[in-house]
Amino acid sequence: MEKRARFKSTWLPYALVAPQVLVTLLFFFWPAVQALYQSLLLQDAFGGYSEFVGLENFANLFGDPTYLQSFQTTAAFSLLVAVLGMALSLLLAVFADRVRAAAALYKTFLIWPYAVSPVVVGVLWMFLLSPSLGVLSHLLGRLGIGWDYMVNGDDAMILIVIAAVWKQISYNFLFFLAGLQSIPKSLIEAAAIDGAGPVRRFFTIVLPLISPTTFFLLVVNMVYAFFDTFAIVEATTHGGPGKDTEILVYKVFSDGFKGGDLGSAAAQSVVLMAVVVVLTVVQFKYVEKKVQYA
């Protein structure tokens with residue numbers, strides 16, 4: 001029988017939810033409305049002059065080749081971060097689920113990267129892959145692989161993808177490990193008795209049972225790649241070389257704060273928010289249909 005909370009006071013439920021509603025209004029809806037309003041204006045860098053220009057900022061955006069290039073860069077970057085991050089995390093979670101000796105130490109080391117700030121992550125990998133001082137770049141040089149993210153756009157993209165994936169692996173790992181540990185061992189043992197090998201057991205039993213976790217992480221990782229990787233790009237490549245690593249969230253910062261074009265930056269933030277909302281809706285509408293909830 002379902003139990004529901006009952007309040008004797010009529011105002012108490014509203015008082016309990018009021019702080020969360022207030023935070024949501026102040027830190028989500030109000031900035032969103034402000035960005036939408038500013039996207040319709042032409043402003044100077046100091047906000048002293050503004051002129052209503054309607055949708056002109058949006059028209060200029062989609063007529064700008066560098067902005068369209070940022071869309072392509074962001075799509076490739078987000079796909080790589082989400083797919084590689086989730087695949088590696090799932091692989092590590094499968095190994096961690098089987099570890100018996102020093103399991104706590106193994107899991108602790110895998111969780112640590114999530115406690116590191118994105119700026120520190122970017123600086124760490126920038127030094128490891130520095131063309132002149134990096135340990136990893138010297139190893140690549142000995143293997144005959146040329147590496148210089150300062151002049152090669154592909155190398156720069158690889159750098160920020162590695163840093164972003166490394167930062168997010170711990171978060172994904174925790175959820176995948178929890179999902180794996182929630183699977184009844186009797187199902188795995190029954191499949192093994194029936195003759196199913198490890199690979200077949202994984203794809204026919206384990207993967208379908210953790211599909212809710214996988215879907216949740218897919219949404220989270222896409223949002224992470226679109227928004228939370230700004231500090232990594234800022235700390236490593238600054239969107240370069242050229243515009244090869246200028247993802248959408250970094251272009252908002254570059255045009256608004258460095259270029260002083262506040263109206264264009266506001267329009268870009270509105271477009272970015274719309275893109276993420278559409279992607280999330282599409283994932284819930286089409287990808288979730290393949291999720292098997294127990």
Side-chain angles (χ1 to χ4, degrees), residues 1-3 74-115 121 158 160-229 247 273-294:
M1 183 176 179
E2 183 182 1
K3 294 183 179 180
T74 305
F77 173 73
S78 303
L79 188 61
L80 288 171
V81 170
V83 173
L84 292 178
M86 292 176 62
L88 291 174
S89 302
L90 180 56
L91 181 63
L92 292 172
V94 170
F95 287 150
D97 192 38
R98 298 180 178 181
V99 169
R100 294 294 178 263
L105 183 63
Y106 176 80
K107 295 171 185 177
T108 300
F109 283 146
L110 286 175
I111 294 170
W112 271 0
Y114 193 64
V121 170
I158 292 173
I160 62 173
V161 167
I162 290 175
V165 168
W166 187 80
K167 174 71 173 70
Q168 191 69 0
I169 275 181
S170 300
Y171 183 88
N172 299 336
F173 167 79
L174 288 174
F175 281 92
F176 275 131
L177 182 62
L180 291 172
Q181 292 179 343
S182 67
I183 298 175
K185 300 301 180 184
S186 58
L187 294 177
I188 308 297
E189 294 170 356
I193 293 174
D194 290 340
V199 176
R200 187 174 181 183
R201 291 199 301 267
F202 177 79
F203 283 102
T204 59
I205 296 177
V206 176
L207 198 57
L209 289 176
I210 64 171
S211 57
T213 302
T214 305
F215 173 70
F216 165 75
L217 289 177
L218 176 62
V219 176
V220 170
N221 278 262
M222 290 300 293
V223 175
Y224 163 76
F226 269 88
F227 290 106
D228 295 341
T229 52
I247 58 178
M273 180 176 63
V275 169
V276 173
V277 169
V278 170
L279 283 176
T280 304
V281 170
V282 168
Q283 290 178 80
F284 272 95
K285 185 173 179 61
Y286 296 104
V287 180
E288 193 183 20
K289 291 181 180 179
K290 299 182 180 180
V291 175
Q292 300 181 19
Y293 294 100

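What's counted below: heavy atoms across the whole structure, side chains too, no hydrogens, waters or symmetry copies.
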Interatomic spacing from [atom1] in [X] to [atom2] in [Y] - rounded to 0.5 Å:
X	Y	atom1	atom2	value
N221	L79	CG	CG	11.5 Å
L90	D97	CG	CG	10.5 Å
D228	Q168	CG	CD	7.5 Å
F175	I210	CZ	CD1	13.5 Å
L174	I169	CG	CD1	12.0 Å
I193	S186	CD1	OG	10.0 Å

Open item on the list: Check this for me: F95, atom CZ, are more than 12 non-hydrogen atoms of other residues, nucleotides or ligands nearer than 6.0 Å?
Closed with: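 No, CZ of F95 has 12 or fewer neighbouring heavy atoms, counting only those of other groups under 6.0 Å.
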TODO: Taking side-chain contact (heavy atoms from CB on, under 4.5 Å) as the test, write out the residues that go with I188, two or more places apart.
DONE: I183, R201, I205, V206
So, for [X] and [Y], which heavy atoms are closest and what is the spacing to 0.1 Å?
X	Y	result
L209	L187	CD1-CD1, 3.9 Å
T214	M86	O-CE, 3.3 Å
S89	N172	OG-CB, 3.1 Å
S170	I111	OG-O, 3.4 Å

Task: Contact check, side chains of S78 and F226, non-hydrogen atoms, under 4.5 Å - done: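 Side-chain contact under 4.5 Å: yes.
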Task: ring-ring contact (aromatic ring centres under 6.0 Å, His included) partners of residues 176-210, not counting sequence neighbours, each pair once - done: none
TODO: Would you confirm whether Y224, through its side chain, and V81, through its main-chain N or O, come within 3.5 Å as a donor-acceptor pair?
DONE: no
Open item on the list: Just to verify, which of V277, V282, V275, V276 counts as forming a side chain to side chain contact (heavy atoms under 4.5 Å, CB included) with L279?
Closed with: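 The option that passes is V275.
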